[in-house]
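Here the structure is laid out as structure tokens; the discussion comes afterwards.
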Protein chains: 2
Amino acid sequence: MIYPGRGPVGYRELAGLLRDRIASGELRPGQRLPSETTLAQTHGVARMTAREALRMLRAEGLAAAVRGYGIVVREHVEPELVLVDAEDRISARPPSPHERDMYDVPEGVSMLVVTHPDGLQDLYPADRVVLAYRRDSSPD
Amino acid sequence: MIYPGRGPVGYRELAGLLRDRIASGELRPGQRLPSETTLAQTHGVARMTAREALRMLRAEGLAAAVRGYGIVVREHVEPELVLVDAEDRISARPPSPHERDMYDVPEGVSMLVVTHPDGLQDLYPADRVVLAYRRDSSPD
DNA sequence: AGGTATTTGTTCGTATGTATA
DNA sequence: GTATACATACGAACAAATACC
């Protein structure tokens, strides 16, 4: 009763297994994960169930799908440092489909939103940018 | 010209229709979207196709699923203002499953990560927090 | 060049479980 | 208790993109 996960391997368990294999370094960045069909066979689940597990990893930003090739472990890119003004506000939100296309943002990656005092906003893909406040050297 | 707007209704088109209905205000925050079954019937698609469209809206942060009830338009919460220092670095990333559970983060919402000079990090759900610069009022 | 195999993407159908109303 | 609705899982088929020969 406490353990609802007895018996069949659900997509969450399967995702957990893959997550561990990535964290342990067995599956390295840039490397392909087992295909949906392979995972389904080796774990005795349907392909759509394996696919759901992989979708979970994609949503977590751990993996990215390449159609016709496979699903690869995301590579860590050294983020670019972007300085913002002291009056700017910083938030984050998921990209719209249009923004995902424009900025080439992988699944699971949010946009960093820098809002200026005039209301205008700058957008940065959260996987490639880190923000910091520019020290205010303006005179009074 | 390829296809102006004809052809089968895919989950992306269906998601677009719902996105428009949300943006136009026809579907208001807190309100239920049509159920998966209803959408499937009214648009002549399988239930899983309708479900895929709704999943897309959830990933965009526009809607959230409530099991046994329906899928509701996300309400806008007035974000809490959190002050950060000039030495802090700000980034964002998807939450781990454990963090999603701890912070009760809806699907599609990332975590704002504030990294201090000593390496320690503060985490904030990106849908409830906005960051601002703490003006250094320390005397010299 | 072409052709085949692999892999992910999409869509359909069906069934069952679980939570809410 | 019944009905509704989302969650999970199975099976199947074809499309689209990539890789390999």
Side-chain angles (χ1 to χ4, degrees), chain A residues 1-18 27 30-74 97 100-101 104-108, chain B residues 2-3 6-18 27 30-60 62-74 97 100-101 104-108:
Chain A
M1 35 184 66
I2 308 298
Y3 271 80
R6 279 300 128 205
V9 176
Y11 77 92
R12 293 172 183 274
E13 285 82 358
L14 182 49
L17 295 176
L18 294 172
L27 295 172
Q31 192 174 345
R32 264 192 304 187
L33 275 72
S35 74
E36 297 173 351
T37 307
T38 300
L39 284 175
Q41 291 173 349
T42 57
H43 291 83
V45 297
R47 184 196 152 202
M48 294 310 290
T49 301
R51 180 172 175 79
E52 199 69 22
L54 292 168
R55 187 204 298 271
M56 199 173 183
L57 298 186
R58 282 182 282 160
E60 296 171 25
L62 294 178
V66 182
R67 187 173 185 168
Y69 176 69
I71 295 187
V72 299
V73 181
R74 286 274 307 278
R100 278 196 59 183
D101 196 70
D104 194 34
V105 184
E107 195 172 346
Chain B
I2 318 295
Y3 290 97
R6 262 310 13 94
V9 176
Y11 77 93
R12 293 172 185 275
E13 286 82 356
L14 182 50
L17 294 176
L18 295 171
L27 295 171
Q31 192 174 344
R32 264 192 304 188
L33 276 72
S35 73
E36 298 174 349
T37 308
T38 301
L39 284 174
Q41 290 172 349
T42 57
H43 292 84
V45 297
R47 188 196 146 208
M48 293 310 291
T49 301
R51 180 172 175 75
E52 200 68 24
L54 293 169
R55 189 203 298 270
M56 199 172 183
L57 298 186
R58 283 184 283 162
E60 295 171 25
L62 294 178
V66 182
R67 189 169 181 165
Y69 175 69
I71 295 186
V72 300
V73 180
R74 287 274 308 278
R100 278 197 59 182
D101 196 70
D104 196 33
V105 184
E107 196 173 344

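Order of the sequence lines sets the chain letters (A, B, ...), proteins ahead of strands, with each chain counted from 1. For clarity, every value in this text was computed on a predicted model and none was experimentally measured.
Atom CZ of A:R32 and atom P of D:dT18 are 13 Å apart (whole Å). Nucleotide D:dT4 holds its C1' atom 16 Å from the CG atom of B:L33, rounded to whole Å. Atom pair A:L14:CG and D:dA7:C1' shows a separation of 17 Å (rounding to whole Å applied). B:E52 has its CD atom 11 Å from the P atom of C:dC12, to the nearest Å. When rounded to the nearest whole Å, the span between CE of B:M48 and P of C:dA15 equals 15 Å. To the nearest angstrom, P of C:dT11 lies 14 Å from CG of B:L39. Across the protein-nucleic acid pair, B:E36 atom CD and D:dT4 atom C1' stand 12 Å apart, rounded to whole Å. Across the protein-nucleic acid pair, B:I71 atom CD1 and C:dA19 atom P stand 17 Å apart, rounded to whole Å.
In this structure D:dG1 sits in no base pair that meets the Watson-Crick or G-U test at under 3.5 Å.
Nearer to the 5' terminus of DNA chain D, by closest-nucleotide assignment, is the contact made by A:V45 (compared with the other of A:G68 and A:V45). Residue order along DNA chain D, read from the 5' end via each residue's closest nucleotide, puts A:G44 first among A:Y69 and A:G44.
In this structure, B:L18 and B:P34 approach most closely via the heavy-atom pair CD2-CD, 4.5 Å.
An OP1 or OP2 oxygen of D:dA7 is reached within less than 4.0 angstrom by a side-chain nitrogen or oxygen of B:R58. Taking side-chain N and O atoms only, A:R51 has no distance below 4.0 Å to OP1 or OP2 of C:dT8. Within the 4.0 Å cut-off from OP1 or OP2 of C:dT8, not a single side-chain nitrogen or oxygen of A:R55 is found. OP1 or OP2 of C:dT10 lies within a sub-4.0 Å distance of a side-chain N or O belonging to B:Y11. Listed pair A:T49 / D:dC10 meets the phosphate criterion, a side-chain N or O lying under 4.0 Å from OP1 or OP2.
Listed nucleotides D:dA7, D:dA12, C:dC12 differ in distance to B:A46; the shortest reach to its side chain belongs to C:dC12. Out of D:dT8, C:dT7, C:dC12, the shortest distance to the side chain of A:R12 is found at D:dT8. In this structure, of D:dC6, C:dT10, D:dA19, it is D:dC6 that holds the atom nearest to the side chain of B:R47. In this structure, of C:dG13, D:dC6, C:dG9, it is C:dG9 that holds the atom nearest to the side chain of A:R67.
In this structure, A:E107 does not pair ionically with B:R55, as no charged nitrogen and carboxylate oxygen lie closer than 4.0 Å.
Among the atoms of the strands shown, none is found under 4.0 Å from any heavy atom of B:L54.
Put simply, the side chain of A:R51 never gets that close to the backbone of A:E36: no donor and acceptor are under 3.5 Å apart. No donor-acceptor distance shorter than 3.5 angstrom exists from the side chain of A:R58 to the backbone of A:A65, with no hydrogens or angles considered.
Taken to the nearest 0.5 Å, the CG atom of B:L62 stands 12.0 Å off from the CD1 atom of B:I71. Atom-to-atom distance recorded for A:T37:OG1 and A:R47:CZ is 5.5 Å, nearest 0.5 angstrom.
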